[in-house]
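Taking it in order: structure first as structure tokens, then the write-up.
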Amino acid sequence: MKRAWSIKEVEDGLQLQGPPDFSYSQNVNYLSRSALECLYEIEGERVIRAIRLANKPVLIEISGKERLLNVKLLTSVAAGRSDVLAEIAAYVGEWFDLERDMRPFYELAARDPVLQGAAKAYAGLRVMGIPELFEALAWGIIGQQINLPFAYRLKRRLVERYGDAAVHGGRTYYMFPAAEKVADLTVGAMDGLQLTVKKREYLIDTAQLIAGGKLTKSALLEAGSMRQAERMLTEIRGIGPWTANYVLMRCLRFADAFPIDDVGLQLAVKSVLGLDRKPFKSELVDLSAHWRGWEAYAVFYLWRLLY
DNA sequence: TTCCAGGGTAACG
DNA sequence: CGTTACCATGGA
């Protein structure tokens, strides 16, 4: 199968050429949106993070310009360097959404009064992904019904207590905790994180499903349809429509995933349309009829107006 | 104190 | 199936 982007091995890592309608700086600007993020470090337009390969952290540093991404390998790899680089390329490709052809979205957005402003302002932005399923689900669960700065604080506490890390240049780079690690925790052990008891239960239950192989990305992708995958997720206690669609959007990359009940979406639409109240769900249903097939990108671009 | 934040469950028609 | 209480936690 032909990719819309290309991979080249170079001396210190990889050089990726992104697809059309991809802007490195737009996506890095998105990554910079919160100073509270704890899973990567941004310096100027360079991004450094640890990713999990064979359950061990490998450090990469990404830089780039326009459609180009340079991925520098900071961890020394003795054997199987090409295999490691291939896995890194796959991760970065998923993270930066390099596979998607976004032209249909931009055509649709240019004609849409709600989307056209954001689509123009952030042209080249992708739905930045969360490739690891447990990280995506956990981040969704953590973020339920709390404001974003607090959600970041909760994530940081969890990550610093249970996440594996790599040290480089005197700094510590954490990975999100492995599902296997959280699967073995108890509600009591998770005291002091400021997570509600319910959320702790949801996190542990979800971790156990993933660690036990009962919930996987491939099972969700092969569910047959987005609706089927959504059903698989919402059958899990603690994962409702919002969390399911959030994960389908950012991890499984369904372009038609749609967390319609999202407060951020409501606030963005309120702002764009100059309403004096949040839109009713029925209004969002009507507005989003124009977004069909691209709801996830519509939401992501609207969120970008806020954060 | 009240209201809100990138919701979810359970009970009830 | 759609509605409606009720829940949980910190911040403004």
Side-chain angles (χ1 to χ4, degrees), chain A residues 30-39 114-115 118 122 125-130 135-158 161 176 187-188 190-207 209 215 227-228 230-254 256-272 275-288 291 295-307:
Chain A
Y30 166 78
L31 293 179
S32 315
R33 73 199 179 287
S34 174
L36 303 171
E37 175 60 56
C38 61
L39 293 177
V114 179
L115 296 180
Y122 300 110
L125 174 70
R126 301 312 187 92
V127 171
M128 288 297 290
I130 304 177
E135 180 184 336
L137 276 163
W139 180 228
I141 290 167
I142 290 168
Q144 290 168 1
Q145 190 60 13
I146 58 175
N147 61 52
L148 227 29
F150 183 48
Y152 280 112
R153 284 178 45 205
L154 294 177
K155 179 165 86 163
R156 178 181 296 274
R157 290 216 184 88
L158 191 70
R161 194 185 288 189
F176 197 81
V187 166
M190 297 173 79
D191 236 345
L193 295 169
Q194 285 181 290
L195 280 164
T196 64
V197 171
K198 286 289 180 208
K199 284 187 181 178
R200 297 181 221 173
E201 292 173 359
Y202 299 161
L203 288 172
I204 294 169
D205 290 352
T206 304
L209 286 174
L215 181 65
R227 285 293 159 220
Q228 286 292 105
E230 181 185 16
R231 179 75 59 91
M232 286 177 64
L233 289 171
T234 54
E235 278 173 359
I236 302 166
R237 208 172 68 94
I239 300 177
W242 179 85
T243 310
N245 279 274
Y246 183 82
V247 169
L248 293 172
M249 160 182 175
R250 295 202 63 193
C251 184
L252 286 310
R253 295 210 159 282
F254 285 94
D256 53 344
F258 190 27
I260 189 168
D261 299 309
D262 181 78
V263 179
L265 172 64
Q266 296 167 17
L267 294 175
V269 169
K270 174 187 173 191
S271 162
V272 170
L275 306 177
D276 57 1
R277 52 163 177 80
K278 288 189 283 196
F280 302 125
K281 185 165 180 177
S282 58
E283 296 175 302
L284 288 171
V285 169
D286 291 342
L287 291 171
S288 62
W291 310 339
E295 291 88 344
Y297 289 80
V299 169
F300 200 76
Y301 268 73
L302 290 171
W303 278 345
R304 192 70 183 90
L305 293 171
L306 300 175
Y307 308 113

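Naming convention: chains lettered A, B, ... in sequence-line order (proteins, then strands); numbering from 1 in each chain. Side-chain atoms are counted along with the backbone in the values below, which use heavy atoms only and exclude waters and symmetry mates.
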Using atom P in both nucleotides, what's the gap between B:dG8 and C:dG11 to the nearest angstrom? 22 Å
Between atom CD1 of A:I130 and atom CH2 of A:W139, what is the distance when rounded to the nearest 0.5 Å? 8.0 Å
Residue whose nearest DNA chain B nucleotide is more 5′ - A:N147 or A:I236: A:N147
Let me know the distance between CD of A:E201 and P of B:dA10, rounded to the nearest Å. 11 Å
Could you tell me the separation between the NZ atom of A:K198 and the C1' atom of B:dA10, rounded to a whole number of Å? 10 Å
State whether A:Y301 and A:R304 meet the cation-pi test: NZ (Lys) or CZ (Arg) under 6.0 Å from the six-membered ring centroid, and within 45° of the perpendicular axis. no
To the nearest Å, give me how far apart NZ (A:K199) and P (B:dA5) are. 14 Å
Touch class at under 4.0 angstrom, heavy-atom based, for A:P149 against every strand present: nothing
Can you tell me the distance, in whole Å, between the CG atom of A:L154 and the P atom of B:dG7? 13 Å
Is A:K281 near enough to C:dT3 that one of its side-chain N or O atoms lies under 4.0 angstrom from OP1 or OP2? no
Donor-acceptor under 3.5 Å (A:T196 side chain, A:K199 main chain): yes
Which nucleotide, C:dA8, B:dA5, C:dG10, lies nearest any side-chain atom of A:Q194? C:dG10
Say you draw a straight line from CD1 of A:I141 to OG1 of A:T206; how long is it, rounded to the nearest 0.5 Å? 3.5 Å
Using a heavy-atom cut-off of under 4.0 Å over every strand shown, decide if A:V299 touches base, sugar-phosphate, or nothing. nothing
Between B:dG8 (C1') and A:R200 (CZ): distance, integer Å: 17 Å
Roughly how many Å is it from CG in A:L265 to P in B:dA5, rounded to a whole number? 13 Å
Winner on side-chain proximity to A:R153, out of C:dA8, B:dG8, C:dG10, is C:dG10
Heavy atoms only: give me the nearest A:L248-A:A257 pair and the separation to one decimal. CB-CB, 3.7 Å
A:Q145 side chain N/O closer than 4.0 Å to the phosphate oxygens (OP1, OP2) of B:dA5? no
Which nucleotide sits closest to the side chain of A:V263: B:dA5, C:dG11, B:dG8? B:dA5
Using a 4.0 Å heavy-atom cut-off, does A:I239 contact any base of the nucleic acid, only the sugar-phosphate backbone, or nothing at all? sugar-phosphate
A:I141 CD1 - B:dG8 P separation (whole Å): 9 Å
Whole angstrom value for the distance that separates P of B:dC4 from CG of A:L267: 11 Å
Which listed nucleotide (C:dA8, C:dT9, C:dG10) is nearest to the side chain of A:I146? C:dT9
Under 4.0 Å between a side-chain N or O of A:T243 and OP1 or OP2 of B:dG8? yes
Smallest separation among heavy atoms of A:V272 and A:L302, with atom names: CG2-CD2, 4.4 Å
Of the listed nucleotides (B:dT9, C:dG11, B:dG7), which one gets closest to any side-chain atom of A:Y202? B:dT9
